Novice: 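Structure incoming, see below.
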Number of protein chains: 2
Amino acid sequence: MTLTIRSESAASAPSPSDPTRVAVSTVIFTLRRPDGCDLPVLSLPLVRRTRDPYGDFWALPGGWLDADEELEDAASRTLGETTGLAASYLEQLYAFGAIDRSPSRVISIVYWALLRSDDVDAQLAAHLAAGDAPENVEWFDAAHLPTLAFDHNAIVDYALWRLRNKVGYSRIAHGFLPGSFTLAELREVYEAILERRLDPANFRRQVEGSGTLIPTDDFRTGSHRPARLYRYNHDVELSDRGPLGTAPPASREQSATPHTPKEAR
Amino acid sequence: MTLTIRSESAASAPSPSDPTRVAVSTVIFTLRRPDGCDLPVLSLPLVRRTRDPYGDFWALPGGWLDADEELEDAASRTLGETTGLAASYLEQLYAFGAIDRSPSRVISIVYWALLRSDDVDAQLAAHLAAGDAPENVEWFDAAHLPTLAFDHNAIVDYALWRLRNKVGYSRIAHGFLPGSFTLAELREVYEAILERRLDPANFRRQVEGSGTLIPTDDFRTGSHRPARLYRYNHDVELSDRGPLGTAPPASREQSATPHTPKEAR
DNA sequence: ACAAAAGTGTTAGCAGTACACCCATGC
DNA sequence: GCATGGGTGTACTGCTAACACTTTTGT
């Protein structure tokens, strides 16, 4: 007698009444400088839920996965709908599917993203000027979140852990910055993420020696001695995500191109 | 005018005719010593598909996610159905959901697992003795796979990358070994995974200094000078998976407890 | 002139590597 | 005895942390 083993989708499909649904959510990080404070802090946008379950709770931006939509596109879409911006970095975080995380069975495929600080500031200023700020979206300090809907607190914790880890062996810190920046600005990003001061001298040597930065001929002036501006060297792509790194939709375009926010339907 | 932004499951559920289905597959690694060869090689079990799409192709073990089944349980279940064993290590790898990866939309949440070599050898010997070896399951050398069904070749590549990475900063190598083992056996595991020889002297110092091993009073005899047996120190759990590390089902029980393979239905 | 940030130099310590060497056992 | 793997000692190298120091600007 021999075993008969099933492989994926070899057997009949699940019954159509299967209530398992797939959602895509995104933990969106940026760095914001609180008025008066010297060090920027990690912030993320949250959406206030309008109905049960968890009505009135804050939740991660997200939505149901469209049948003909790539996972990463769904993350980009909801990110754009929430912030009106395009991410400078986007990566899958984890698939959360515990049975009890929602009254009905929901599999959430969660992404995490970075937004350039200047993009965010510009968008907020524009909303302020036009008076059309979305009223159910708010930016929160990542270190002081309220109780969120579902398991979203745990999800943010995990995303923070990944960010802090990844900043050590990859160059994602550039995701918060515009095309050119000073070493002090880059160091400030690292300090905000890692929550500790770094030696300017050693930081300079490390990052200069890594070959990931190209010095420009421009300088940032304004206070004290002018600082040279650098830009990211796109030639060196370290194998951050292994074989997945370059394979998926290489939408490594311009992060400066803001989405057109979809207005209320 | 204000934007109305949806958060996950705030809006109405997708139409019930939505054909998106969720599957769970697992890349299962073990180390097998090819007859005569001195160095063990990474191997994984594959399942031959019996129907289209990709009929007769080899594929990763997996199946549809049951509505009332945790993701990790689904991985354990199909792993047990395929091998008759329980994994010594199990972790989520990635959620693959490209639209064109299957004729119908399938989201595959893929796990990766380790099996103890001695468990696998015992199971194979038992099947040989009883003559009930499953005919549609076969072990393949991870370095020389045929063309697999769906995107499973890319998935295995990614799993291999994760394994090779993780062996550097965590102690998953023990997942291949029984409760007690010599340093040479542990080193052999590292050498097989990393595909390069390691200096025995330096390897000893590194692993002894890490505090992850506890020396026992037993020795492995048989050839030349007896070698001390060590066992894994379960007290030191390095934060492999961050906040997710200890939270999920802490089924860190005995890997020696083999599943009862479910026979053909 | 002075404060403050940009940028350079120097040193100590630590981890990884290479390799020479002794120890204990089976044959 | 001798081959073989177990186990120890030691020197070298490269990276990091710490910190003294020079340079260049705004005020």
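As the structure is a prediction and not an experimental result, all values here were calculated from the model. Below, chains carry the letters A, B, ... as their sequence lines are ordered, and counting in each starts from 1.
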Novice: Do A:Gln92 and A:Glu72 come within less than 4.5 Å of each other through their side chains, counting heavy atoms only?
Specialist: no
Novice: Working to the nearest 0.5 Å, report the span between CG of A:Asn202 and CZ of A:Arg187.
Specialist: 11.0 Å
Novice: Whole angstrom is fine here: how far is it from CZ in A:Phe203 over to P in C:dA5?
Specialist: 16 Å
Novice: Of all residues at least two apart in sequence or in a different chain, which pass the side chain to side chain contact (heavy atoms under 4.5 Å, CB included) check with B:Val167?
Specialist: B:Ala173, B:Tyr190, B:Ile193, B:Leu194
Novice: Does some side-chain heavy atom of A:Leu114 sit less than 4.5 Å from a side-chain heavy atom of A:Leu90?
Specialist: no
Novice: Five pairs at each end of the helix from C:dA1-D:dT27 to C:dC27-D:dG1: take the axis at both ends and give me the angle between them to 10°.
Specialist: 10°
Novice: Between B:Leu198 (CG) and C:dC19 (P), how many Å, whole number?
Specialist: 15 Å
Novice: Please write out each protein N/O paired with an N/O of nucleotides 3-8 of chain D under 3.5 Å, distance rounded to 0.1 Å.
Specialist:
unit_1, atom_1, unit_2, atom_2, d
D:dT4, O2, B:His224, ND1, 3.3
D:dG6, N2, B:Arg225, NH1, 3.2
D:dG6, N3, B:Arg225, NH1, 3.2
D:dG7, OP1, B:Arg228, N, 3.3
D:dG7, OP2, B:Arg204, NH2, 2.7
D:dG7, O5', B:Arg204, NH2, 3.0

Novice: Given atom OH of A:Tyr190 and atom P of D:dT16, what is their separation to the nearest angstrom?
Specialist: 12 Å
Novice: Do B:Glu188 and B:Arg197 sit within salt-bridge range, that is, some charged N less than 4.0 Å from a carboxylate O?
Specialist: no
Novice: Looking at every heavy atom in both B:Pro40 and B:Leu31, which two are closest together, and how far apart are they?
Specialist: CB-CB, 4.3 Å
Novice: Taking the six-membered ring for Trp, are B:Trp112 and B:Tyr158 ring centroids under 6.0 Å apart?
Specialist: no
Novice: Determine whether B:Ile155 and B:Leu93 make a side-chain contact, defined as any pair of heavy atoms from C-beta on separated by less than 4.5 Å.
Specialist: yes
